Amino acid sequence: MSRIAQRFAALRAQGRKALIPFVTAGDPSRELTVPLMHRMVAAGADLIELGVPFSDPIADGPVIQRASERALAHHTSLGDVLEMVRRFRSEDPDTPVVLMGYLNPIEVMGYQVFADRALEAGVDGALVVDVPPEESHDLVATLRQSALDLVYLLAPTSTEARIGKIAEVASGFVYYVSVKGVTGAGHLDLASVEAKLAEIRRRISLPVGVGFGIKDAATAASVAALADAVIVGSAIVGRIEALADAPERLLEAVAAFLGELRAAIDGGRQG
Amino acid sequence: MATNPTELYHWPDAGGHFGPYGGMFVPETLMHPLEELRLAYERYLKDPEFRVELDADLRDYVGRPSPIYHAERWSRQLGGAQIFLKREDLNHTGAHKVNNTVGQALLARRMGKARIIAETGAGQHGVATATVAARLGLECVVYMGEVDVARQEANVYRMRLLGAEVVSVKSGSRTLKDALNEAMRDWVTNVDHTFYIIGTVAGPHPYPAMVRDFQSVIGREARAQMLERTGRLPDALVACVGGGSNAIGLFYPFLNDPEVAIYGVEAAGDGIATGRHAAPLCAGAPGVLHGNRTYLMEDRDGQIIETHSISAGLDYPGVGPEHAWLKDSGRARYDAVTDEEALAAFHTLTRVEGIIPALESSHALAYAAKLAPTLGRDRSILINLSGRGDKDMHTVAAREGLRL
């Protein structure tokens, strides 16, 4: 069983929901990413989504765009990100890591080279924002040979037919984008999320994470009541941006915020 | 990967692929809206009422057909093939861009979308979009990089006069590619009531095929006009290629005419060897950007790099996927000319023929000026004069140290 499947199975057995933080690798510096990952695990992260910076992040709002720009200012490459995961993995054999980004850096590295290096580094899966199932045939086949999961997005605009199509190829978990928009946008509407998750679960048995628009502990708790995982990105990256020049305080602030989210998610379970 | 010359050209496939290029590389949120767009487009393309309305708009509003003009004096000077210009510069708003915006705006209205968005570099597509939006009474938002807003003030004002909101994009390199990123972000957010009019033959399927189809009126007219004027097809076609919509518009109706040589001309900027250029087909590599796989200007990590060209309309790090396929299949040949060469051609056409061309089109002229002397006087070259140079007065004057 993959690390991702194991983690979700263990959580399910405990009746708990996963907390999945997103940070961009190399933001604000290359040195801070691995300590930040460990710190997030200590503060309650169940799985880490590590953003691979890209020059043209069309699905991201301003907060994550700027994180990409900061990481690219010191040339954080896909190769560097894999190296960060390798270092993280040498001390943490259990916490799954999913790389999240855009196709072009993987395309330029080559699917097979990426799959080999990702497996060797201890990556568990990839979420490639601009690869829908229609374009994922070669990528998913290559990743699968290396036992890596390809995580697919689902959206409010995904029709029943599209959900079915994604059901055929998805592994690990699926990521429901709760709002029409970019990362960090708008307010999510719980009633519509609940309705859509029911539709998704009729066709997909994998765990379903919900992200986009989860800004605080209260929203995290409400989403945790509906989904298998709560994914938080911009709200964390915004805190990183605010303290980019003060690494120690940055680690503290992110850990404190994750602690709040963790408590809210677990508290929701009891209440 | 040579195409079989006896096999009729049939790209793209059902998924929007031109060989290995094109496709739909977009976030899931946009997949269903793109499917709806494709179905609507395919339906209206066959709808006689839509065709009648589009043809009437192209005739009465755009001013089509545009003439072909035999540049006799320039041909004599060059001492080789006869040069014909397809006069897209005479269209309403001054370039070929309006052929596409008229078509997409009609589609938007039929699909019941009340709001239109567009990206623009030099501002030509933005103006052409704001123009049709004004006429149809549609809300219009145009995304334009902050750098381009500063260097294309007149077009920004023109769009505002037409009632469009111009949003200055401050992310990334603050040029056309970033304007496109921002337009995609707007679309993903407002997709229910918004129609995104992409200005070139790039983006996810169905855009490259749809924009090609709207622009191919250029080649259909030109093919008939050349047959009528000269009794045969031209020996060569030449067009500039940024995203590549004017070029595909000219080339497409000739793809099954193997005797017609096809040349696309990219912007070599300061020279290919300097790295300061905008020539992905000549000096880039395949990758994925803005919804399609194509040739890109990218670094070895797969990050998109900045482009350089005197012509804002060619200043784009990608190129339409169909051009990538025409290059690999060998049907078209792609080369690049420098800023200096384009400027020289700009001045030549202005002084010899009394036609001031756009700097974009001047790239095609510069290449044709090299090609013509290699061909006999009984041969002919058809150049797409894709736009007029009024918008470039400031740029050209600045090169000569003048301020207008």
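The structure presented is a predicted model; accordingly, all values stated were derived computationally and were not measured. A note on names: the letters A, B, ... follow the listed sequences, proteins ahead of strands, and every chain is numbered from 1.
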Novice: Going from CG on Asp299(B) to NE2 on His75(A), what distance comes out if it is rounded to the nearest 0.5 angstrom?
Specialist: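 With rounding to 0.5 Å, CG (Asp299(B)) is 8.5 Å from NE2 (His75(A)).
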
Novice: Measuring heavy-atom distances to chain A, does Val191(B) have an atom under 4.5 Å in its side chain, in its backbone, in both, or in neither?
Specialist: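 For Val191(B), the side chain is the part near chain A, not the backbone.
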
Novice: Taking side chain as everything from C-beta outward and backbone as N, CA, C, O, which of these in Arg293(B) sits under 4.5 Å from a heavy atom of chain A? Side chain, backbone, both or neither.
Specialist: side chain

Novice: What heavy-atom pair brings Phe54(A) and Val288(B) nearest, and what distance separates the two atoms?
Specialist: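 The answer is CZ-O, 4.5 Å.
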
Novice: Check whether Thr29(B) reaches the backbone of Lys180(A) with its side chain - one donor and one acceptor, N or O, closer than 3.5 Å.
Specialist: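 Between the backbone of Lys180(A) and the side chain of Thr29(B) there is no qualifying donor-acceptor contact (under 3.5 Å).
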
Novice: Rounded to the nearest 0.5 Å, what separation is found between the CD atom of Glu135(A) and the CE atom of Met31(B)?
Specialist: 7.0 Å

Novice: Roughly how far apart are Tyr176(A) OH and Glu28(B) CD, rounded to 0.5 Å?
Specialist: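 It is 10.5 Å, given to the nearest 0.5 Å.
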
Novice: Distance-only, no hydrogens or angles: does the Ser55(A) side chain make a donor-acceptor pair with backbone N or O of Ile304(B) under 3.5 Å?
Specialist: yes

Novice: Against chain A, label Pro204(B) side chain, backbone, both or neither, depending on which of its atoms sit under 4.5 Å from a heavy atom there.
Specialist: neither

Novice: When you compare the side chain of His205(B) with that of Glu134(A), does any pair of heavy atoms fall below 4.5 Å?
Specialist: no

Novice: Could you check which of His17(B), Glu182(B), Arg300(B), Met184(B) has the highest count of heavy-atom pairs closer than 4.5 Å to chain A?
Specialist: His17(B)

Novice: Got a sec, which residues hit ring pair (Phe, Tyr, Trp, His ring centres under 6.0 Å) with Phe22(A), two or more places apart in sequence or on another chain?
Specialist: none

Novice: Select one option (side chain, backbone, both, neither) describing which atoms of Glu35(B) are under 4.5 Å from chain A's heavy atoms.
Specialist: neither

Novice: Look at the side chain of Glu107(A) and the backbone N and O of Gly302(B), then say whether any donor-acceptor pair between them is shorter than 3.5 Å.
Specialist: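 Not at all, since once roles are kept as given, no pair shorter than 3.5 Å links the two residues.
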
Novice: Above 12 or not: heavy atoms from other molecules or residues under 6.0 Å from NZ of Lys165(A)?
Specialist: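 No, because the 6.0 Å sphere around NZ of Lys165(A) holds 12 heavy atoms or fewer from other groups.
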
Novice: To the nearest 0.5 angstrom, please state how far the CG atom of Asp56(A) sits from the CG atom of Leu180(B).
Specialist: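 With rounding to 0.5 Å, CG (Asp56(A)) is 9.0 Å from CG (Leu180(B)).
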
Novice: May I ask you to name which of His290(B), His32(B), Gln303(B), Lys177(B) has the most heavy-atom pairs under 4.5 Å with chain A?
Specialist: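 The residue among His290(B), His32(B), Gln303(B), Lys177(B) with the greatest pair count is Gln303(B).
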
Novice: How about NE2 on His74(A), more than 12 heavy atoms from neighbouring residues, nucleotides or ligands closer than 6.0 Å, or not?
Specialist: yes

Novice: Near Glu42(B) CD, under 6.0 Å, is it more than 12 heavy atoms from other residues, nucleotides or ligands?
Specialist: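 Above 12, so yes.
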
Novice: Quick one: pull up CZ in Phe25(B) and CD1 in Ile58(A) and give me the separation to the nearest 0.5 Å.
Specialist: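 Phe25(B) CZ to Ile58(A) CD1: 12.0 Å, rounded to 0.5 Å.
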
Novice: Given that the side chain runs from C-beta out, which part of Asp60(A) has a heavy atom under 4.5 Å from chain B: side chain, backbone, both or neither?
Specialist: backbone

Novice: Can you tell me which portion of Ser158(A) sits under 4.5 Å from chain B's heavy atoms? Options are side chain, backbone, both or neither.
Specialist: both

Novice: First locate atom CG of Leu30(B), then atom OG1 of Thr157(A), and finally report the distance between them rounded to the nearest 0.5 Å.
Specialist: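 Atom-to-atom, Leu30(B):CG and Thr157(A):OG1 are 7.0 Å apart.
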
Novice: Who wins among Ile305(B), Asp186(B), Asp178(B), Asp301(B) for the most heavy-atom pairs under 4.5 Å with chain A?
Specialist: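 Looking at each of Ile305(B), Asp186(B), Asp178(B), Asp301(B) in turn, Asp301(B) comes out on top.
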
Novice: Side chain from CB out, backbone as N, CA, C, O: work out which of these in Asn190(B) comes under 4.5 Å of a heavy atom of chain A, or both, or neither.
Specialist: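 Neither part.
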
Novice: Select one option (side chain, backbone, both, neither) describing which atoms of Pro57(A) are under 4.5 Å from chain B's heavy atoms.
Specialist: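 Answer is both: backbone and side chain atoms of Pro57(A) are under 4.5 Å from chain B.
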
Novice: For chain B, find which of Pro132(A), Pro105(A), Ser77(A) contributes the most heavy-atom pairs closer than 4.5 angstrom.
Specialist: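 Sorted descending by pairs with chain B, the first entry is Pro132(A).
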
Novice: Name the member of Leu78(A), Asn104(A), Val108(A), Leu72(A) that forms the most heavy-atom pairs with chain B at distances under 4.5 Å.
Specialist: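 Greatest number of close heavy-atom pairs with chain B: Asn104(A).
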
Novice: Where on Leu296(B) is there a heavy atom nearer than 4.5 Å to chain A: the side chain, the backbone, both, or neither?
Specialist: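 For Leu296(B), the side chain is the part near chain A, not the backbone.
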
Novice: Against chain B, label Ile106(A) side chain, backbone, both or neither, depending on which of its atoms sit under 4.5 Å from a heavy atom there.
Specialist: neither

